[in-house]
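One structure below.
Numbers restart at 1 for each chain; the letters A, B, ... are given by sequence-line order, proteins then strands. Values below: every heavy atom of this structure, side chains too, minus hydrogens, waters and symmetry copies.
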Amino acid sequence: MISERYLNALVLLAFLAIPVWAILADEPFTITLATRAAILALAAVGLNIALGIGGLVSLGHAVFFGIGGYAMGILAFHAQTYTPLELGGLSLAGTKSMPVVWVVAMITSALAALGIGVLSLRTTGVYFIMITLAFGQMFFYFAISWSAYGGEDGLSIYVRNEFPGINTLVPIQFFGVCFVILCIALYLNARLAASPFGLALNASRQVPARVEAVGLNPTRIKLLAFVISGALTGLAGALFADLNRFVSPTMFSWQLSGELIVLVILGGVGRLMGPVVGAALFVVLEHWLGGLTEFWHIFLGAILLVIVLFARGGVVGLLTGKEGAHV
Amino acid sequence: MSAILILEQVLNGIQFGVMLFLMAAGLTLIFGVMGLINLAHGSLYMVGAFAAAAVAGATGSFLLALIAALAAAALAGAVIEMVVIRRLYASAHLDQVLATFALILVFSEGTRWVFGSFPLFLDIPDVLAGPVTLPGGIEYPLYRLTLIAIGLAIAAGLWWLIERTRIGIQIRAGENDREMIAALGVDISRLYTLIFALGAALAGLAGALVGAIQSVQVGMGEPVLILAFVVIVIGGIGSIKGAFIGAILVGLTDTLGGVFLPPLFKLFMEPSAATQTGSALSSMLIYLLMSLVLIWRPTGLFGARA
């Protein structure tokens, strides 16, 4: 059994060490896998704020992932075809600049989270799960029928977006960008969890009535958490689209929403590093089991069942010897 | 647009609705009695369809295929209830979502392993093939009409089972107070397995019946599952009556929206844009309906008041 703080440092170090090793061993694909894990971890960190601290079981977080992806796809599409983006009378130029794409991705997914949150938070429990799922499907079908941006086929972006001072086409440099963003998100997550807002959110999950009794509005607190959560997952979506240089409606699919929850649970709900451990483990399993058999999802399913039934705290819980007190 | 076309589409909507009801009834019963959210319900639909396609392929009998679908889905339901689901009744919804999501992965990939990735086909039996002429001169496929009849018969049967039989009393009592009926000597865990198997059998039957008009393939259950969720959210979770009305509402909205929205938009838009906007909007229509119902009544049309 090791302390959680120690484990967290170890996880981040390992995350950094593997790509460095990959450069020395000349294994560029491992760097791509690590980048994928870092981006999925970022998406799961976002979900963990709503799910882990706020107790909001959102089965529709792929919406924000997809919106982030399409924000990147649409901006880059207009930049690479030199066509203006018509937006209600406004004519905007596309862009290949990552920071601009990120800001757009975060704002649009935050707005979507606000809309979905206002409606969904009228309900609780199982209704909330089903409604977020239904909103996810709504966006999925909308993306499929939106033929201006590829419809079912999706959009291909030929060259990865640019970041000032960095050559994003070099795998290790793009990994660096994603890793730094992940670390910033983790830092913000840790600060948020310890802030008065984080404490109020935690309390809103446990006993909303008492939160109300001390004069706070638990629904509004949860809504803000949902918006922050959506914005982070949206940012991850933009990075994911940049990694693959491709966006398609599958980024909105409900399986992806399910997998994001899986990442959080695999690592440990409500724990700072839970999503990171979960995402890393998921990518390793996907790569390793996927290499063994085409039907690796069966084993993923079995592992999940075992974790849900017997290891409630996820991997972080197992390693630190603490059962998750959460949810 | 003629009256005949409209009537035909209304019948299509009702047919879609009653099939959704078969799915939604099981989901809502399982949630109402056991408090369990079951994502794997769509897998049971798929199990039913595959069992039917396999048996129909081997024997050529549609009736045997339906019996096989019922039996296979009920058996699969009873087994997963006893092995996995039973441990989840007291768990948080999050655990239930995750465990049943895991079951989907196992079922989907397992089916792909056994049957391969290519879709199977289940033929409509000869007796039910071809159209019939309804009063008013509407030609309508006999098979779809049979589906409506079967769906309505099952809705009536379910109502009778729950309102008029001893097992129905136990089910209703289980919704209200499980400790109390356990204390009265009802074997609760057997009752739960029974309800789960009943819900599974209905899903499997729906899968087999719909499988004959669509293709039977891995992943066929999930879109229907999500629609069934929309149905029970609209109708109110735990209410069979709500599930029925919600299912018909969703079936009609989805079918009529898909047919009538694009021409409606053509009245004031250019044709290509109208088709696109119309079809985009029609695929989102039931979710808009759901949002409206929730704004009006957060616990659905017939849900218990919170």
Side-chain angles (χ1 to χ4, degrees), chain A residues 51-52 55 57 59 115-116 118-120 122-131 133-148 151 253-255 257-259 261-262 264-266 269 293-310 312 326-327, chain B residues 27 31 35-37 39 83-84 87-88 91-110 112-113 117 219 222-223 225-230 232-233 236-237 272 275-288 290-291 294-295 298-300 303 306:
Chain A
L51 180 72
V57 185
L59 199 44
I116 293 176
V118 164
L119 280 175
S120 309
R122 292 172 58 84
T123 64
T124 51
V126 74
Y127 277 92
F128 185 83
I129 299 174
M130 293 184 187
I131 287 154
L133 176 62
F135 276 118
Q137 286 303 96
M138 186 164 140
F139 277 82
F140 177 71
Y141 286 118
F142 178 75
I144 282 186
S145 53
W146 201 14
S147 58
S253 73
W254 78 277
Q255 283 92 342
S257 298
E259 274 173 14
I261 295 189
V262 168
V264 175
I265 309 293
L266 210 57
V269 189
T293 162
E294 197 186 328
F295 308 104
W296 72 280
H297 275 108
I298 291 191
F299 300 102
L300 178 67
I303 292 170
L304 268 180
L305 274 179
V306 169
I307 286 193
V308 175
L309 295 178
F310 304 110
R312 294 282 328 278
H326 271 129
V327 188
Chain B
L27 270 181
F31 186 81
L36 178 101
I37 169 168
L39 294 185
V83 177
V84 178
R87 299 165 203 270
L88 297 170
S91 307
H93 289 317
L94 177 60
D95 287 355
Q96 302 176 345
V97 164
L98 213 68
T100 49
F101 182 74
L103 284 175
I104 294 184
L105 295 179
V106 173
F107 268 99
S108 293
E109 290 305 298
R112 206 194 299 280
W113 207 336
S117 296
E222 278 68 48
L225 169 85
I226 292 166
L227 288 181
F229 275 151
V230 173
I232 66 175
V233 166
I237 302 178
S272 69
T275 313
Q276 208 201 323
T277 321
S279 63
L281 193 66
S282 68
S283 59
M284 294 162 66
L285 209 56
I286 52 167
Y287 305 106
L288 293 176
M290 184 190 73
S291 317
L294 283 177
I295 291 168
T299 52

Q. Contact part of Phe101(B) toward chain A, heavy-atom cut-off under 4.5 Å: side chain, backbone, both or neither?
A. side chain
Q. Do Leu98(B) and Val262(A) have side-chain heavy atoms sitting under 4.5 Å apart?
A. yes
Q. Within the side chain of Tyr127(A), is there an N or O that forms a donor-acceptor pair under 3.5 Å with the backbone of Val233(B)?
A. no
Q) Do Ile232(B) and Met130(A) touch side chain to side chain, with heavy atoms closer than 4.5 Å? A) yes
Q | Which portion of Val106(B) sits near chain A, non-hydrogen atoms under 4.5 angstrom | A | both
Q. Quick one: are Val84(B) and Val308(A) in side-chain contact, heavy atoms under 4.5 Å?
A. no
Q) Contact part of Val97(B) toward chain A, heavy-atom cut-off under 4.5 Å: side chain, backbone, both or neither? A) side chain
Q | Greatest number of heavy atom pairs closer than 4.5 Å to chain A - which of Asp95(B), Leu281(B), Leu39(B) | A | Asp95(B)
(Q) Over 60° means perpendicular and under 30° means parallel, so tell me whether Tyr141(A) and Tyr287(B) are parallel, tilted or perpendicular. (A) parallel
Q) Tell me, side chain or backbone of Leu59(A) under 4.5 Å from chain B's heavy atoms, or both, or neither? A) side chain
Q. Given a strict heavy-atom distance threshold of 4.5 Å, which part of Leu227(B) is in contact with chain A: side chain, backbone, both, or neither?
A. neither
Q. Side chain, backbone, both or neither: which part of Ala302(A) has a non-hydrogen atom closer than 4.5 Å to chain B?
A. backbone
Q) Can you tell which of Ser145(A), Ala143(A), Gly136(A), Ser120(A) has the highest number of heavy-atom pairs within less than 4.5 Å of chain B? A) Ser145(A)
Q | chain A contact via Phe107(B) - side chain, backbone, both or neither, heavy atoms under 4.5 Å | A | neither
(Q) Working to the nearest 0.5 angstrom, can you tell me the gap between Ile129(A) CD1 and Ile37(B) CD1? (A) 4.0 Å
Q. Which bit of Ser147(A) is near chain B, if near means a heavy-atom gap under 4.5 Å: side chain, backbone, both or neither?
A. both
Q | Validation row: Glu109(B), Leu300(A) side chains within 4.5 angstrom (heavy atoms) | A | no
Q.
Does the plane of the ring in Phe299(A) sit parallel, tilted or perpendicular to the ring in Trp113(B)? Use 30° and 60° as the thresholds.
A. perpendicular
**Q.** Which atoms of Leu309(A) approach chain B - backbone, side chain, both or neither, heavy atom under 4.5 Å
**A.** side chain
Q) Picking from Met138(A), Gln255(A), Glu294(A), which has the most non-hydrogen pairs under 4.5 angstrom with chain B? A) Met138(A)
